[in-house]
Q: 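Before I ask anything, here is the structure I am working with.
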Protein chains: 2
Amino acid sequence: MTKHTEIQQPLRDEISLSKVLHALSDPVRMEIILKIARAGQVACGAFDIPMPKSTLSHHFKVLRESGVVASRREGNELINSLRSEDLEARFPGVLDAIIAAGSR
Amino acid sequence: MTKHTEIQQPLRDEISLSKVLHALSDPVRMEIILKIARAGQVACGAFDIPMPKSTLSHHFKVLRESGVVASRREGNELINSLRSEDLEARFPGVLDAIIAAGSR
DNA sequence: TAGTTTGTTCGAAATTTATCGAATTACTTT
DNA sequence: AAAGTAATTCGATAAATTTCGAACAAACTA
């Protein structure tokens with residue numbers, strides 16, 4: 001039987017624009033976001049970013065706490081997805097425009 | 001006769017998404033941007049933000065160097081405007097969406 | 001020219017953020 | 001139960017950012 005643990009993340013209404021923009025203002029985190037945007041769902045381990053795991057983990061934490069990324073545990077890995085619906089509801093067009101801009 | 005000095009700002013193609021997002025991720029700078037967006041043109045002195053002049057000047061510098069704001073001298077004061085066209089050309093929809101989100 | 005207004009620059013201190021290795025937690029597999 | 005895999009947390013350090021007062025610069029005004 002597979003256990004699914006909940007990960008702490010802000011509620012939709014608690015998501016702050018400043019924190020979202022700060023989260024996305026780092027090139028490493030933007031790279032992460034773009035990959036998730038393309039693939040839909042990506043495990044933390046699937047990023048071949050040349051960087052210690054602890055540093056990468058820090059960036060995921062920032063993305064999660066800002067409300068940009070949702071992570072859920074599946075087995076022994078964490079699956080990351082964008083909180084597109086929440087972000088679209090709260091800040092319409094922002095995430096899409098940034099992803100499009102970052103993809104060029 | 002009024003002298004108009006040019007202020008250093010990145011060229012359109014040199015504007016970086018990360019720097020723009022970082023510039024906009026600060027609440028004080030967002031407040032500045034929103035006021036400029038509403039008014040079109042605002043002098044540095046027209047912001048009644050309770051903060052030393054040097055600190056405010058720092059925030060204007062960040063906004064200028066990121067390519068978000070253009071400043072030109074008119075007589076004694078600096079007039080600030082958004083680089084909406086440059087930003088729209090480079091990162092379509094980003095600035096508008098962020099301003100709309102920040103205005104709510 | 002002296003004084004005033006507007007805003008920047010400088011230099012230092014405080015705060016925040018990023019980085020990394022080691023230890024730890026959660027879960028799976030053997 | 002022991003070992004392996006995935007990722008986080010801890011603690012320390014490094015780097016970047018923010019803040020502020022004091023000094024400076026540019027342009028106007030009396």
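Naming: A, B, ... by sequence-line order, numbering from 1 per chain.
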Q: Is the shortest side-chain N to carboxylate O distance from A:Glu14 to A:Arg12 below 4.0 Å?
A: no

Q: Using the closest heavy atom to pick a nucleotide of DNA chain C for each, name whichever of A:Ser54 or A:Arg29 lands nearer the 5' end.
A: A:Arg29

Q: Quick one: B:Lys53 NZ to C:dT8 P, roughly how many Å, whole number?
A: 9 Å

Q: Report the distance from atom CG of B:Leu63 to atom P of D:dT17, rounded to the nearest whole Å.
A: 14 Å

Q: What integer distance in Å separates A:Asp26:CG from C:dT16:C1'?
A: 14 Å

Q: Strictly below 4.0 Å: does B:Arg64 bring a side-chain N or O up to OP1 or OP2 of C:dT8?
A: yes

Q: Does a donor on one side chain sit under 3.5 Å from an acceptor on the other, for A:Arg72 and A:Gln41?
A: yes

Q: What is the distance from atom NE2 of B:His22 to atom CG of A:Asp26, rounded to the nearest 0.5 Å?
A: 10.5 Å

Q: Once you round it to whole Å, what is the distance between P of D:dA16 and NE2 of B:His58?
A: 14 Å

Q: Grab the NZ-C1' distance between A:Lys61 and C:dC20 for me, whole Å please.
A: 15 Å

Q: Checking side-chain contact (heavy atoms from CB on, under 4.5 Å) between A:Leu87 and each of A:Leu82, A:Leu17, A:Leu95, which is the one that passes?
A: A:Leu95

Q: Working to the nearest 0.5 angstrom, can you tell me the gap between A:Arg73 CZ and A:Leu78 CG?
A: 5.0 Å

Q: Please give, in whole Å, the distance from C:dT24 P to A:Asn76 CG?
A: 20 Å

Q: Looking at A:Arg73, I'd like to know whether one of its side-chain N or O atoms comes within less than 4.0 Å of OP1 or OP2 on D:dT8.
A: no

Q: Starting at atom CD of A:Glu77, determine the distance to atom P of D:dG4, rounded to an integer number of angstrom.
A: 19 Å

Q: Measure from CE on A:Met51 to C1' on C:dA18 and round the result to the nearest Å.
A: 9 Å

Q: Please check the phosphate of C:dT17 (OP1 and OP2 only) for any side-chain N or O of A:His59 closer than 4.0 Å.
A: no

Q: Is there a donor N/O on one and an acceptor N/O on the other, under 3.5 Å, for the side chain of B:Ser57 and the base of C:dG7?
A: no

Q: Look at the side-chain N and O atoms of B:Thr55 and state whether any lies under 4.0 Å from the OP1 or OP2 oxygen of D:dT18.
A: no

